S.K.: 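I have a structure here, written as structure tokens, and I will follow up with some questions on it.
Everything quoted here is computed from the prediction, not taken from an experiment. Lettering follows sequence order; numbering is per chain, from 1.
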There are 2 protein chains.
Amino acid sequence: ADAKAGRQKVAGVCQACHGMDGLSKNPEAPNLAGQIEPYLAKALTEYRGGERKNESMNIVAKELTDADIANIAAYYAGIQIEVIPP
Amino acid sequence: ADAKAGRQKVAGVCQACHGMDGLSKNPEAPNLAGQIEPYLAKALTEYRGGERKNESMNIVAKELTDADIANIAAYYAGIQIEVIPP
């Protein structure tokens, strides 16, 4: 997968809700920063196929190729996060 | 919602896969640390009702009350995360 190509796709399609930094920009959108790569790829694949339902995501994911999905997952998974101890 | 009660529930039910720290312990489980609270509550509610499908999560969520769901969401959402700049 190509995180750099993923970045381009994210800038066009994902960032309004999920941010370039992977931090949610609205209360319905999850954070994606540092998320597990196979989890992200599976989520996008299921949104594309309609097995997982969300109005916005079903529309957006329909346009993605398998390569897009792999690349977007690589981009968001590649953002490093740290848990701040309480 | 009561994050402290959520912590108890997480210790019993969620932590094997999602960690007490909200960081995934296996490649199928997403990180939950600092995740958006309404997103988490919606995910658990949909897993419980079967609208969202995942074999493990459908079984686990079936046992949760509305209060459990709110409390677990509050616990994981309350973990602070930071994105590390590249």
S.K.: Find the one option among Ser24(B), Pro30(B), Pro38(B), Ala33(B) whose heavy-atom pairs under 4.5 Å with chain A are most numerous.
M.R.: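 Of Ser24(B), Pro30(B), Pro38(B), Ala33(B), Pro30(B) has the most heavy-atom pairs under 4.5 Å with chain A.
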S.K.: Indicate yes or no: at least one non-hydrogen side-chain atom of Lys25(B) is less than 4.5 angstrom from one of Gln15(B).
M.R.: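 No, their side chains stay 4.5 Å or more apart.
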S.K.: With a 4.5 Å cut-off on side-chain heavy-atom distances among I, L, V, M, F, W and Y, is there a chain of contacts connecting Val60(A) to Val10(A)?
M.R.: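 No: no chain of side-chain contacts under 4.5 Å links Val60(A) to Val10(A).
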S.K.: Identify which part of Leu32(B) has an atom lying under 4.5 Å from any heavy atom of chain A, answering side chain, backbone, both or neither.
M.R.: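 Neither part; nothing is under 4.5 Å.
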S.K.: Is Asp2(A) salt-bridged to Lys9(A), cutoff N-O under 4.0 Å?
M.R.: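 Looking at Lys9(A) together with Asp2(A), the answer is no, because their closest N to O distance does not fall below 4.0 Å.
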S.K.: Can you check whether Arg48(A) reaches Asp66(A) side chain to side chain, under 4.5 Å on heavy atoms?
M.R.: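 A side-chain contact exists here, since the closest heavy-atom pair is under 4.5 Å.
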S.K.: Check whether Ala29(B) gets within reach of chain A through its side chain, its backbone, both or neither, counting any heavy atom under 4.5 Å.
M.R.: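 Contact with chain A involves the backbone of Ala29(B) alone.
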S.K.: Relative to chain A, which segment of Glu28(B) carries a heavy atom at a distance below 4.5 Å: side chain, backbone, both, or neither?
M.R.: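 Only the backbone of Glu28(B) comes within 4.5 Å of chain A.
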